[in-house]
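Any value given below was found using the heavy atoms of this structure, including those in side chains, with hydrogens, waters and symmetry copies removed.
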Amino acid sequence: MSRALVLGGGGLAGLAWEIGLLAELANGGSDLAAADTVIGSSAGSVAGALLRTEPSLQPSLAFQLAAHEAGTELSVKLDPELLWTMFGEAVSGARDLESALSRIGAMALATPTVAEAERRQVIEARLPSHAWPAARLLVTAIDAERGALLVFDKDSGVPLVDAVTASCAVPGVWPPVTIGGRRYIDGGSGSPTNATLAAGHDVVLVVAAMTMPARGPFLGIDDEVHELESTGSRVMVISTDDAAQAAFGVNPLDPSVRPASARAGRRQGRYLASAVRAFWAGAA
């Protein structure tokens, strides 16, 4: 039986929630770090790297729970509704997903932001280990000009920090990341989870801090689950409950939301521990 863990985006709030959730699921007997494949997009790429490279998520969880100051993070004002409106305007009339994403990429390339090197230092500080793990970790990003999804892994020749920085490059907020002469934006731009990359695995656990309804060329999480199930995968999706969404607040990139978001993840992890343990073992 092959198993895949899919970790989606959600900003700093989503990262804290995922760390809290994953830590409690591990406490409840689910060895998610033993997944055959871990797929991380945006904040999920950080969580995936931590899960694959660290002996335990407990130090990362303790940091999230204690983080009341921005620390190495860069504070940014974000209006999710305004950003979604900008996305809508950018992709209006796009004939397909790659065309829509290339328009979002063009917007990102034209938006003034902090320097790439400054942003890279932030991601570098998030990852205690900067080497790719031996176990399979896939990190997603979008080619800003072509709109194509690219998947980095340990064989791609790209440093882990660069791959994760690209995956976390929220368009219109953070700078597109230069790798091999090309520019890349957030891996969750087309799908917050990119769950369909897990096709071919018997069991797929999707952890989605944020989900997106189907809109135009963009697939919703229900579409992705249906596609996976149509190929024979058994799928379980964990998304944020009302308490977690309240903890995220209006700006999921605000460092101050991390403690409350991590606590919300822990609550959900404890509640779901038994069900996830059975599912992950192939018994549910």
Side-chain angles (χ1 to χ4, degrees), residues 5-33 35 38-76 78 80 122-129 137 164 167-168 170 173-174 186 188 192-193 205-211 236-277 280:
L5 173 65
V6 178
L7 300 170
L12 287 175
L15 174 59
W17 176 80
E18 288 183 3
I19 290 173
L21 177 83
L22 294 172
E24 288 300 333
L25 293 179
N27 288 340
S30 297
D31 187 8
L32 301 180
V38 173
I39 301 165
S41 297
S42 198
S45 70
V46 179
L50 291 171
L51 185 69
R52 281 302 209 200
T53 61
E54 297 303 297
S56 166
L57 286 177
Q58 290 304 318
S60 294
L61 175 59
F63 174 80
Q64 298 296 326
L65 292 169
H68 298 291
E69 302 296 331
T72 58
E73 297 291 340
L74 300 172
S75 296
V76 62
L78 174 68
V122 172
I123 303 301
E124 193 174 49
R126 288 183 191 173
L127 303 177
S129 174
L137 171 66
V164 173
S167 192
C168 293
V170 181
V173 178
W174 303 122
D186 196 305
T193 62
L205 177 64
V206 181
V207 176
M210 291 184 177
T211 57
M236 180 179 186
V237 178
I238 301 176
S239 57
T240 47
D241 61 13
D242 290 343
Q245 291 173 25
F248 281 25
V250 297
N251 181 4
L253 299 183
D254 182 355
S256 69
V257 304
R258 289 177 291 182
S261 299
R263 289 193 294 270
R266 293 186 74 188
R267 285 194 297 270
Q268 282 192 255
R270 287 193 291 267
Y271 175 76
L272 294 169
S274 178
V276 172
R277 183 173 65 249
W280 197 242

Under the side-chain contact (heavy atoms from CB on, under 4.5 Å) criterion, do V164 and L127 qualify, and how do the steps go?
CA-CA 9 Å; V164 173; L127 303 177; 4.2 Å; yes
Let me see the working for V257 and N251 under side-chain contact (heavy atoms from CB on, under 4.5 Å), right down to the final yes or no.
CA-CA 8 Å; V257 304; N251 181 4; over 6 Å; no
Option from V173, L12, V170 for which side-chain contact (heavy atoms from CB on, under 4.5 Å) with V76 holds
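For V76, the side-chain contact (heavy atoms from CB on, under 4.5 Å) test succeeds with only one of V173, L12, V170, which is V173.
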Work out which heavy atom in [X] is nearest to a heavy atom in [Y]; give both atom names and the distance.
X	Y	answer
A209	G9	CB-O, 3.4 Å
S239	T211	CB-CG2, 4.4 Å
V46	C168	CG2-SG, 3.9 Å
S41	G188	CB-N, 4.3 Å
T240	A244	CB-CB, 3.7 Å
P255	R258	O-NE, 2.9 Å

List the atom pairs, donor and acceptor, that lie under 3.5 Å between side-chain atoms in residues 15-26 and the rest of the protein, sequence neighbours left out.
| unit_1 | atom_1 | unit_2 | atom_2 | d |
| --- | --- | --- | --- | --- |
| W17 | NE1 | Q268 | OE1 | 2.9 |
| E24 | OE2 | R266 | NE | 2.9 |
| E24 | OE2 | R266 | NH2 | 3.0 |

Any side-chain heavy atom of R263 sitting closer than 4.5 Å to one from P259?
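Yes; the side chains approach each other to less than 4.5 Å.
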For the [atom1] atom of [X] and the [atom2] atom of [Y], what is their distance to the nearest 0.5 Å?
X	Y	atom1	atom2	value
R126	T72	CZ	OG1	8.0 Å
L5	W280	CG	CH2	5.5 Å
L57	L50	CG	CG	6.5 Å

Partners meeting side chain to side chain contact (heavy atoms under 4.5 Å, CB included) with [X] (sequence neighbours left out):
X	value
S42	D186
S167	S45, V139, T140
A273	none
A243	D241, R267

Mind checking what makes side-chain hydrogen bond (donor to acceptor under 3.5 Å, both in side chains) contact with R52, not counting sequence neighbours?
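Partners of R52 by the side-chain hydrogen bond (donor to acceptor under 3.5 Å, both in side chains) criterion come out as none, since no residue qualifies.
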Could you pull out all residues at least two apart from E54 that satisfy salt bridge (charged side-chain N to carboxylate O under 4.0 Å, His left out)?
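Not a single residue meets the salt bridge (charged side-chain N to carboxylate O under 4.0 Å, His left out) criterion with E54.
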Assess the residue pair W174 and I123 against the criterion (side-chain contact (heavy atoms from CB on, under 4.5 Å)); give the C-alpha distance rounded to whole Å, side-chain angles, the decisive distance to 0.1 Å, and a yes or no.
CA-CA 12 Å; W174 303 122; I123 303 301; over 6 Å; no
